[in-house]
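Step one of this worksheet: look at the structure below.
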Amino acid sequence: MTLSPADLPAVRGALLAWFDRAGRPLPWRVGPEGGRDPYRVWVSEVLLQQTQVARGQVYFERFMTAFPTVQALADAPIEAVLKAWEGCGYYARARNLHRAAGVIVREGMPTTYEGWRALPGVGPYTAAAVASLACGEARAVNDGNVRRVLARLHGERQPTQTWVQARADELFDPARPGAFNEAVMDLGATTCTPKTPKCGECPLQAWCTAFASGYPAAFPAPKERAAVREIHAVALLLGDAREAVLERREGSLLGGLMGLPNEVVREGETPEKALARLAERLGASVTGELGTVTHTMTHRHLNLTVYGGLGGPPRSRVSDAALSRLDHKALGLWERRQDSLFAGA
DNA sequence: AAGGCGGGGAA
DNA sequence: TTCCCAGCCTT
């Protein structure tokens with residue numbers, strides 16, 4: 001039983017009626033439908049890239065308090081932007097947001113899909129979302145929610161991006177671009193959930209091929225995922241949990257954040273060798289091992305052994321720096337060291 | 001087209 | 001544990 005083109009108007013109507021009744025009141029949904037505040041919508045969409053709404057909401061409030069306007073964001077130092085983003089992950093988003101704010105201040109707020117798409121950190125999804133929600137442009141978004149809702153509705157186990165976009169476009173309501181996009185995403189996030197969809201509450205149940213199959217959660221099929229690589233590294237804590245030597249991380253991995261000086265233990269190398277290299281680079285001496293912390297980051301599993309030491313470059317205040325969770329764990333070893341000394345006394 | 005890029009929630 | 005999250009950028 002496949003969905004007929006003749007059913008599309010009824011499905012569209014049921015979806016929008018459900019949204020008008022059960023849509024979520026989110027903090028960036030302010031202003032008229034199709035005419036929302038572009039700055040708030042843009043920030044929220046970037047924040048929500050690969051980040052669940054409940055989590056994104058916390059960072060949204062924090063971010064808007066720190067940078068209430070695009071001018072404030074453009075004027076802020078990148079360190080302050082990363083500090084507001086601390087712990088949220090995918091830090092290139094914060095760096096791009098800051099860069100794009102500079103462009104907007106110089107050239108004005110974009111008013112079209114193409115205009116948004118030209119900004120750093122704004123891809124097809126985000127451009128379509130902001131253009132529809134804030135500019136009223138007729139663009140159907142294509143994200144993880146849309147993919148899952150449409151795969152189930154049509155009973156497609158292996159939906160390609162092209163296929164999803166075509167299905168979204170044909171179901172789209174050009175009369176209510178923003179509402180339609182929010183409706184599909186709300187349905188995917190609250191009802192048509194990945195593991196245990198609440199089909200009993202779904203306004204599209206009557207047309208849903210996956211529901212009819214009896215196994216809605218089997219659509220779409222799980223994606224193949226890359227293996228997690230194991231990485232060993234050593235770090236030096238020169239100072240204490242409050243003030244320590246910190247280095248700015250370069251490159252794509254946690255780029256822009258501060259962290260304890262560290263060296264990766266290379267293939268066929270002993271940790272001692274890597275530690276010696278690290279100490280020499282810093283002009284520091286090692287006093288002892290504080291412990292090991294582990295950190296998993298989707299694609300790699302990091303084992304970081306932390307040592308205490310003396311000397312090295314000037315220390316800086318930890319609370320002023322933007323650190324990854326990994327470095328917060330490493331600094332936590334200092335407190336545990338104090339505890340064990342106290343317990344043994 | 002494929003792989004890198006954080007961190008956490010849900011089941 | 002496994003899978004996924006209002007994806008984007010680089011190769």
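Throughout, protein chains are lettered first and strands after them, A, B, ... in sequence-line order, and every chain is numbered starting at 1.
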Given the [atom1] atoms of [N] and [M], what is the spacing between them in whole Å?
N      : M     : atom1 : value
C:dT11 : B:dG6 : P     : 16 Å
C:dC9  : B:dG8 : C1'   : 23 Å
C:dT10 : B:dG7 : C1'   : 22 Å
C:dA6  : B:dG4 : P     : 23 Å

Side chain of [X]: nearest nucleotide among [options]?
X        : options              : answer
A:Pro194 : C:dC4, B:dG6, B:dA11 : C:dC4
A:Asp186 : B:dG4, C:dC8, C:dA6  : C:dA6
A:Arg148 : B:dG7, B:dA11, C:dC5 : C:dC5
A:Gln50  : B:dC5, C:dA6, C:dC5  : C:dC5
A:Arg300 : B:dG4, C:dA6, B:dG6  : B:dG4
A:Arg225 : C:dC3, C:dG7, B:dG6  : C:dC3
A:Tyr91  : B:dG7, C:dA6, B:dC5  : B:dG7

Between [X] ([atom1]) and [N] ([atom2]), how many Å, whole number?
X        : N     : atom1 : atom2 : result
A:Arg95  : B:dC5 : CZ    : P     : 11 Å
A:Asp143 : C:dC4 : CG    : C1'   : 12 Å
A:Asn145 : C:dC5 : CG    : P     : 7 Å
A:Arg93  : C:dG7 : CZ    : C1'   : 9 Å
A:Arg99  : C:dC8 : CZ    : P     : 15 Å
A:Gln57  : C:dC5 : CD    : C1'   : 15 Å
A:Leu323 : B:dG6 : CG    : P     : 14 Å
A:Gln161 : C:dA6 : CD    : P     : 15 Å

Does A:Thr196 or A:Gln49 map to a spot on DNA chain B nearer the 5' end, using the closest nucleotide for each?
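Of the two residues, A:Gln49 wins.
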
Derivation and outcome, side-chain contact (heavy atoms from CB on, under 4.5 Å), residues A:Leu3 and A:Arg167:
CA-CA 11 Å; A:Leu3 188 67; A:Arg167 298 291 79 72; over 6 Å; no

Below 4.0 angstrom, which residues in residues 215-223 of chain A have at least one non-hydrogen atom near DNA chain C?
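Here the set is A:Pro222, A:Lys223.
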
For DNA chain C, what residues of residues 21-38 of chain A have any heavy atom nearer than 4.0 Å?
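Output list: A:Arg24, A:Leu26, A:Trp28, A:Arg29.
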
Would you find a donor on one side and an acceptor on the other, under 3.5 Å apart, between the side chain of A:Lys329 and the backbone of A:Ser324?
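No: the side chain of A:Lys329 does not pair with the backbone of A:Ser324.
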
Can you check whether A:Gln49's main-chain N or O pairs, donor with acceptor, with A:Arg93's side chain at less than 3.5 Å?
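Such a contact is found between A:Arg93 side chain and A:Gln49 backbone.
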
So [Y] and [X], do their side chains get closer than 4.5 Å, heavy atoms only?
X        : Y        : value
A:Phe19  : A:Val184 : no
A:Pro220 : A:Arg147 : yes
A:Trp42  : A:Pro110 : no
A:Glu137 : A:Thr112 : yes

Can you tell whether the side chains of [X] and [Y] come within less than 4.0 Å, N to carboxylate O?
X        : Y        : answer
A:Glu79  : A:Arg248 : yes
A:Arg117 : A:Glu114 : no
A:Arg281 : A:Glu263 : yes

If you look only at pairs with a residue in residues 215-230 of chain A, which of them pass as a side-chain hydrogen bond (donor to acceptor under 3.5 Å, both in side chains), with sequence neighbours excluded?
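Sorted pair list: A:Glu230-A:Asn303.
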
Rounded distance [0.5 Å steps], CZ in A:Phe67 versus NE2 in A:His98:
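Answer rounded to 0.5 Å: 7.5 Å.
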
Go through the structure and list residues passing salt bridge (charged side-chain N to carboxylate O under 4.0 Å, His left out) with A:Arg148, not counting sequence neighbours.
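Expected list: none.
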
Would A:Arg277 and A:Glu269 satisfy salt bridge (charged side-chain N to carboxylate O under 4.0 Å, His left out), going step by step from the backbone distance to the final call?
CA-CA 11 Å; A:Arg277 190 168 64 242; A:Glu269 186 182 51; 2.4 Å; yes

Below 4.0 angstrom from OP1 or OP2 of B:dG4, is there any side-chain N or O of A:His299?
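Answer no for this pair, as no side-chain N or O of A:His299 is under 4.0 Å from OP1 or OP2.
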
Categorize [X] for me: base, sugar-phosphate, or nothing, with a 4.0 angstrom heavy-atom threshold over every strand shown.
X        : value
A:Ser44  : nothing
A:Thr51  : base
A:Leu47  : nothing
A:Thr193 : nothing

Quick one: the side chain of A:Tyr125 and the base of C:dG7, do they pair up donor-acceptor inside 3.5 Å?
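No, no donor-acceptor pair under 3.5 Å.
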
Transitive ILVMFWY side-chain link A:Leu171 to A:Phe211, under 4.5 Å:
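Result: no, two separate clusters.
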
Dump every N/O contact between nucleotides 9-11 of chain C and the protein below 3.5 Å, one line per pair.
from	atom 1	to	atom 2	distance (Å)
C:dC9	OP1	A:Gly121	N	2.6

Show each protein N/O and nucleotides 8-10 of chain B N/O combination with a separation under 3.5 Å, one pair to a line.
from	atom 1	to	atom 2	distance (Å)
B:dG8	OP1	A:Arg325	NE	2.7
B:dG8	OP1	A:Arg325	NH2	3.1
B:dG9	O4'	A:Gln52	OE1	3.0

Within 6.0 angstrom of A:Arg24 CZ, more than 12 heavy atoms from elsewhere
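Counting neighbours around CZ of A:Arg24, more than 12 heavy atoms of other residues, nucleotides or ligands fall under 6.0 Å, so yes.
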
